[in-house]
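The structure under discussion appears below in the form of structure tokens.
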Amino acid sequence: MISAEKIPNNVGLSSNKRLQRALEHWQPQYIQWWKDMGPQGFQDYHQVYVRTAVSVDPSGWAHFEYVKLPEYRWGIFLADPVHDRRIGFGDFFGQPVWQEVPGEFRNQLRRLIVTQGDTEPASVEQQRWLGQRCPSMYDLRNLFQVNVEEGRHLWAMVYLLHSYFGRDGRDEAEELLARQSGNRDKPRILDAFNEPIENWLDFFMFTMFTDRDGKSQLLSLSESSLDPLSRTTRFMLTEEAHHMFVGETGIARIVERSCQLLEQSSFSEDIRKLGGIDIPTIQKFINLWFSLSLDLHGNEISTNAASYFANGLKGRAQEEKWDDHLVTEKHYELDVAAAGRLERKAIPMRTAMNEVLRDWYVGDCEAGVQRWNKIFERHGMSDRLRLPDRKFNRGIGMFSSLHFDPQGVWLSDEQWEQRKHDWLPAPADREYLLSIMATPVYEPGKFANYIAPPIRGINRMPINFEYVRTEA
Ligand code: BYC
């Protein structure tokens, strides 16, 4: 039986019997999904030191306690309403925002919410075996924190579907638990969420690059004219920040350790012989996850994106910083492949909205990569990591049928086949990573040889704190 206390919320759940009943119906299916598809091997006898959102103010949000994973209190939170909030872009600019879904935009909004919602359980499914290969108890706890919050993000989207989309919304909420990452017959909607995440380099790259796409898309949805969508996604963004922290610092700690191992070997040895992760391998995983995450912004030229913008459903990150909120006159210049070469073409800005968001995203990723490069500088090393060209390894959009190298040089199909494993993880790279991760590290304060400890623990706890404990 669901009670308002069992589901922390600020949406007045106890006074909305219809919604409460709908969620009561959905919750057991969710828990079953979590047990079947969530972290494997950590459901029954482990308690995890996690943060649970119990309200939207900073103190309520940072509530830490030991929790058995299936008993995590997945809550429903909307950021506080903004007084007299107005539509910030598109054809309805300046009008009051909507508290209900306008009939004419129902399908588009449902599609956006379902697509967003689908990514959340997908990521939990992708990561479900990682606990068996963790580099430390600190990292294990962070993995589970990310997982439970992705679960909460699913709750957030299911709340919107149940509250605003009636029968269709309830059906969609069930489908969100029926599709499965990587399943041939019922895959997740977006490609990156069907890719396996089998090792911790994948995981850290995913939380760095794919969660950053989450940030980018949530920033856009938080501009939405549908106020409940805006308020839900605004609160989700606060949690997303921790996920990117996990990814960025995870890679930073691997880079740090690789530098140390290189120094130890006086730069004369392949650090794989010392159990480390060599820099070319790190670069290959950047190339993979950055390109997969670029795809998540959709096609370069998209009438869907234009109509989302026109109708005020999905805006640009930090819309208030732009001068022109109508964008009816402007054009966007992009490279288009035509007759074997690239040509610069101007297209109406509204149809290039996916590309505008991608620009923001690339800038945000670039800043993160520069922070990693500071580690090499500190060690006095000339190595650098870099983002590949945006045409590299694309699966969506106009470059998806073509091949480019990481510098953006056009390649023939044969050249690509010959060289792709110079730039993307090869089976041997994956085998190597699995070999160094085969034995998980569960002893508090101990770290696998390929990763440096973090600078500090979680919630001011020491690094050797027992972040995950086994029940007696
Ligand atoms: N894979 O007009 P277009 C996150 C399809 S991540 C497969 O460009 P649109 C998170 C598209 O469905 C953030 N198919 O599409 C991170 C359409 O197909 P149909 C998730 C793709 O709709 C880590 C066709 O191509 N946020 O939060 O403008 C952990 C036409 O394309 C893909 C959202 O999803 C793809 N990558 O753009 C946990 C925000 N891309 O229907 C969570 C909401 C496109 O014609 N969604 N297609 O057969 C959106 O804003 C848009 O749906 C997209 C796609 C930007 C994703």
Side-chain angles (χ1 to χ4, degrees), residues 107-128 143 145-157 160-161 176 179 181-182 187-195 197 202-224 226 229-230 232-233 236-237 239-244 246-247 289-311 313-317 347 350-358 360-361 364-365 393-400:
N107 284 345
Q108 283 189 325
L109 278 163
R110 193 181 68 198
R111 182 186 157 127
L112 284 173
I113 292 168
V114 166
T115 310
Q116 177 65 50
D118 192 69
T119 63
E120 317 290 0
S123 67
V124 176
E125 293 167 356
Q126 286 171 294
Q127 296 163 15
R128 69 186 189 277
L143 166 70
Q145 182 73 60
V146 169
N147 291 161
V148 290
E149 285 176 355
E150 299 301 5
R152 205 201 68 74
H153 289 183
L154 171 61
W155 274 83
M157 292 300 113
L160 292 175
L161 289 168
L176 286 170
R179 283 185 289 272
S181 177
R188 291 296 175 183
I189 297 171
L190 300 174
D191 294 341
F193 294 90
N194 288 306
E195 291 287 319
I197 299 185
D202 279 321
F203 172 65
F204 290 136
M205 291 297 179
F206 180 93
T207 38
M208 169 74 179
F209 292 113
T210 311
D211 275 277
R212 198 171 298 273
D213 168 62
K215 173 183 170 188
S216 167
Q217 302 292 343
L218 291 174
L219 279 169
S220 295
L221 294 175
S222 68
E223 299 293 335
S224 182
L226 180 62
L229 174 60
S230 162
T232 309
T233 46
M236 288 162 76
L237 277 163
E239 289 159 324
E240 209 68 52
H242 177 68
H243 305 182
M244 286 179 298
V246 168
W289 284 104
F290 176 69
S291 55
L292 285 170
S293 306
L294 282 177
D295 281 342
L296 292 174
H297 291 79
N299 288 281
E300 289 84 359
I301 304 174
S302 166
T303 50
N304 279 341
S307 99
Y308 295 153
F309 188 87
N311 299 334
L313 311 184
K314 183 182 170 194
R316 293 166 291 188
I347 61 160
R350 281 187 177 189
T351 53
M353 272 307 157
N354 286 340
E355 202 59 12
V356 172
L357 301 193
R358 202 165 1 242
W360 181 92
Y361 171 77
D364 211 46
C365 291
N393 191 41
R394 292 297 301 281
I396 293 286
M398 60 188 168
F399 302 116
S400 58

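Heavy-atom basis, side chains included; hydrogens, waters and symmetry copies ignored. Remember, it's 1-based here, ligands and their atoms both numbered in the order they're listed.
- Under the 30°/60° scheme for interplanar angles, the aromatic rings of Tyr361 and His297 are found to be tilted.
- By the salt bridge (Lys or Arg N to Asp or Glu O under 4.0 Å) test, Asp202 is found to be paired with Arg430, residues two or more places apart in sequence or in another chain being considered.
- Side-chain atoms of Met398 and Asn299, non-hydrogen and from C-beta on, never get closer than 4.5 Å to each other.
- Applying the salt bridge (Lys or Arg N to Asp or Glu O under 4.0 Å) criterion to Arg394, with sequence neighbours excluded, gives Asp295, Glu300.
- Here the side chains of Gln116 and Arg111 are not in contact, with every heavy-atom distance at 4.5 Å or above.
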Give a table of atom pairs where an N or O of ligand 1 lies under 3.5 Å from a protein N or O.
from     : atom 1 : to     : atom 2 : distance (Å)
ligand 1 : 1 (N)  : Asp191 : N      : 3.1
ligand 1 : 2 (O)  : Ser302 : OG     : 2.7
ligand 1 : 2 (O)  : Asn304 : ND2    : 3.2
ligand 1 : 8 (O)  : Asn299 : N      : 2.6
ligand 1 : 8 (O)  : Asn299 : ND2    : 3.1
ligand 1 : 8 (O)  : Asn354 : ND2    : 3.1
ligand 1 : 26 (N) : Gln116 : OE1    : 2.7
ligand 1 : 27 (O) : Gln116 : NE2    : 2.8
ligand 1 : 28 (O) : Ser302 : OG     : 3.2
ligand 1 : 28 (O) : Asn354 : ND2    : 3.4
ligand 1 : 31 (O) : Asn299 : ND2    : 2.6
ligand 1 : 36 (N) : Asp295 : O      : 3.1
ligand 1 : 41 (O) : Arg111 : NH1    : 3.1
ligand 1 : 41 (O) : Arg111 : NH2    : 3.1
ligand 1 : 50 (O) : Lys314 : NZ     : 2.4

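- In this view, Arg358 and Glu355 satisfy the salt bridge (Lys or Arg N to Asp or Glu O under 4.0 Å) rule, not counting sequence neighbours.
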